[in-house]
Protein chains: 2
Amino acid sequence: MESSTRRQATRQKLYEAAVTLIAEQGFSATTVDEIAERAGVAKGTVYYNFASKSVLFEELLRHGVGLLTASLREASEKTAASGGSKVDALDAMIRAGLVFIDRYPAFTQLYVAELWRTNRAWQSTLAVVRQEAVAVVEDVLRGAVEDGELSEEIDIPLTAAALVGMVLVAALDWQAFQPERSLDDVHSALSRLLQGRVSGGR
Amino acid sequence: MESSTRRQATRQKLYEAAVTLIAEQGFSATTVDEIAERAGVAKGTVYYNFASKSVLFEELLRHGVGLLTASLREASEKTAASGGSKVDALDAMIRAGLVFIDRYPAFTQLYVAELWRTNRAWQSTLAVVRQEAVAVVEDVLRGAVEDGELSEEIDIPLTAAALVGMVLVAALDWQAFQPERSLDDVHSALSRLLQGRVSGGR
DNA sequence: TTTTTTGAACTGACTGGTCAGTGCAAAAAC
DNA sequence: GTTTTTGCACTGACCAGTCAGTTCAAAAAA
């Protein structure tokens, strides 16, 4: 099927157009006409490729979180392969998260804006997709406890959620309110927090 | 003047109706008719009390963040008064944040969903209001560095943003995906992270 | 006391405009 | 010759904001 390549390219253009518009304005405030125009495509094409506006959005969410989890997992595996500790892997994942957000700020923005909304059509899609991302962090935390690197007392699901949140919000805040800072600055602030060098030492 | 009391009560009802609806559906997807109906008030009353839908929303934001900063500041001052350290004050603020979010989950949800959006009418209102909240945390961090409780190397604005983010996201995640956990569980997971007892002691 | 007036607060039907989604014939791409 | 895209007119639902009219408690007049 070569035809799927052309379709694929069109869908990609629509994703890119939709993600920035929805991040800026929100889902409801973004019109299908705007998305089509930004993508340089006729409105009919949107409906040829996606059943509806919300289906387009749901597939966009799946697409984006797929990229994120892949990049987190890769960072963690690369660290393990080169003989790093589990805490090193966490640190590498923090950096991977920051790099992702730096590359796809609009997607992150929209993900955060929609994640905790209830009563929306795509709410279940989001729950699944969130769990995939958080699970990557939980796995590393679990490994770290098994290896004795981290205390057995830590609460894995809550700590994983807090770590993800810390990275997400710190990165969005960096982009929105402190864009003059470098990725390395942000990374070391977060690293310091993770490694107990803020108020740590006990 | 009783009449101003009556107005006040109406406005309060409108805030309460709007906050849950907008948290669930987003600003654009929420209609003024819905807000009026939920508040048990005619549509005209909304426009008698607020110039427009977005003005209602902006005043709601100011109102809510006012409550939050007051509660953070109170927690910090109470700790200082009873002779606690600055790190104790940070810990107390984490708890105050959790209590606030527990009490006003809808407001928190909506705040997070809107905070990093650009190009919106209320974007500047939000920037101001965010700064007020973050500043409370920054002040305590600064004090802690001066007192020698925290290393001079920490980056105050970035660390403050990360801490706020950690609390915000952990709390929303708790409500949405792990509601069976207690506030104390969440508090101790975050506390442990702050005090370097996750991977800490270096 | 009783009646009348005042005005802030509130009401809800109505309007003008917007937008998701449809239908389809013709062109372009493959 | 099949798939994909285009362009564009159309519809029906929906919605922000308006406005002429109503309510009622308290002040002023009788």
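Worth knowing before you read on, the calculation uses all heavy atoms, side chains too, and leaves out hydrogens, waters and symmetry mates. Chain A is the first sequence line, chain B the second, and so forth, proteins listed ahead of strands; every chain is numbered from 1. Just so it is clear, the structure is predicted and the values come from calculations on it, not from any experiment.
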Item checked: For DNA chain C, the residues among residues 11-20 of chain A that have a non-hydrogen atom under 4.0 Å from it -> none
Next item on the list: Report which part of the nucleic acid B:Val46 touches: base, sugar-phosphate, or nothing (heavy-atom distance under 4.0 Å, all strands).
Entry: nothing
Margin query: Quick check on B:Gln12: does its CD atom have over 12 non-hydrogen neighbours (other residues, nucleotides or ligands) under 6.0 Å away?
Written below: yes
Notebook entry, point to check: Can you tell me if CD on B:Glu37 sees more than 12 non-hydrogen neighbours from other groups inside 6.0 Å?
Noted result: no
Check: Taking only N and O in the side chain of B:Thr10, is any of them less than 4.0 Å away from OP1 or OP2 of C:dC10?
Finding: yes
Check: From the list C:dG21, C:dA20, D:dG17, which nucleotide is the closest neighbour of the side chain of A:Asp33?
Finding: C:dA20
Next item on the list: Would you confirm whether B:Gln109, through its side chain, and B:Ala23, through its main-chain N or O, come within 3.5 Å as a donor-acceptor pair?
Entry: yes
Item checked: Comparing B:Lys53 and B:Gly44 on DNA chain D - which has the more 5′ nearest nucleotide -> B:Lys53
Notebook entry, point to check: A:Phe100 vs A:Tyr104 aromatic rings, parallel, tilted or perpendicular, using cut-offs 30° and 60°?
Noted result: tilted
Notebook entry, point to check: Do we see a donor-acceptor contact under 3.5 Å between the side chains of B:Thr125 and B:Glu58?
Noted result: yes
Check: So, is B:Tyr47 near the phosphate of D:dG17, with a side-chain N or O under 4.0 Å from OP1 or OP2?
Finding: yes
Item checked: Residue pair B:Glu114, B:Arg117: steps toward the salt bridge (Lys or Arg N to Asp or Glu O under 4.0 Å) verdict -> CA-CA 6 Å; B:Glu114 295 296 333; B:Arg117 272 207 215 306; 3.3 Å; yes
Checklist line | Options C:dA20, C:dA9, D:dT4, nucleotide nearest the side-chain atoms of B:Tyr48 | finding: C:dA9
Next item on the list: Look at all strands and tell whether A:Thr30 reaches a base, only sugar-phosphate, or nothing, counting heavy atoms closer than 4.0 Å.
Entry: sugar-phosphate
Next item on the list: Check the distance between D:dT5's C1' and A:Gln8's CD and give it to me in whole angstrom.
Entry: 16 Å
Check: Is any side-chain nitrogen or oxygen of A:Arg6 closer than 4.0 Å to OP1 or OP2 of C:dA29?
Finding: no
Next item on the list: Rounded off to whole Å, could you give me the CD-to-P distance for the A:Glu37 and D:dG7 pair?
Entry: 12 Å
Check: Should B:Glu146 and B:Arg142 count as an ion pair when the cut-off is N to O under 4.0 Å?
Finding: no
Check: Which residue lies toward the 5' end of DNA chain C, B:Ala42 or A:Ser28, if each is placed at its nearest nucleotide?
Finding: B:Ala42
Note to self: With a 4.0 Å limit, can you tell me whether B:Thr45 has a side-chain N or O closer than that to the phosphate oxygens OP1/OP2 of C:dT11?
What the structure shows: yes
Check: Ignoring hydrogens and angles, does a donor from either the side chain of A:Lys43 or the base of D:dG7 sit under 3.5 Å from an acceptor on the other?
Finding: no
Margin query: What's A:Thr31 touching, base or sugar-phosphate or nothing? Going by heavy atoms closer than 4.0 Å.
Written below: sugar-phosphate
Next item on the list: Please report, rounded to the nearest Å, how far the P atom of C:dA29 is from the CZ atom of A:Arg7.
Entry: 18 Å
Next item on the list: Starting at atom CG of A:Leu56, determine the distance to atom C1' of C:dG21, rounded to an integer number of angstrom.
Entry: 14 Å
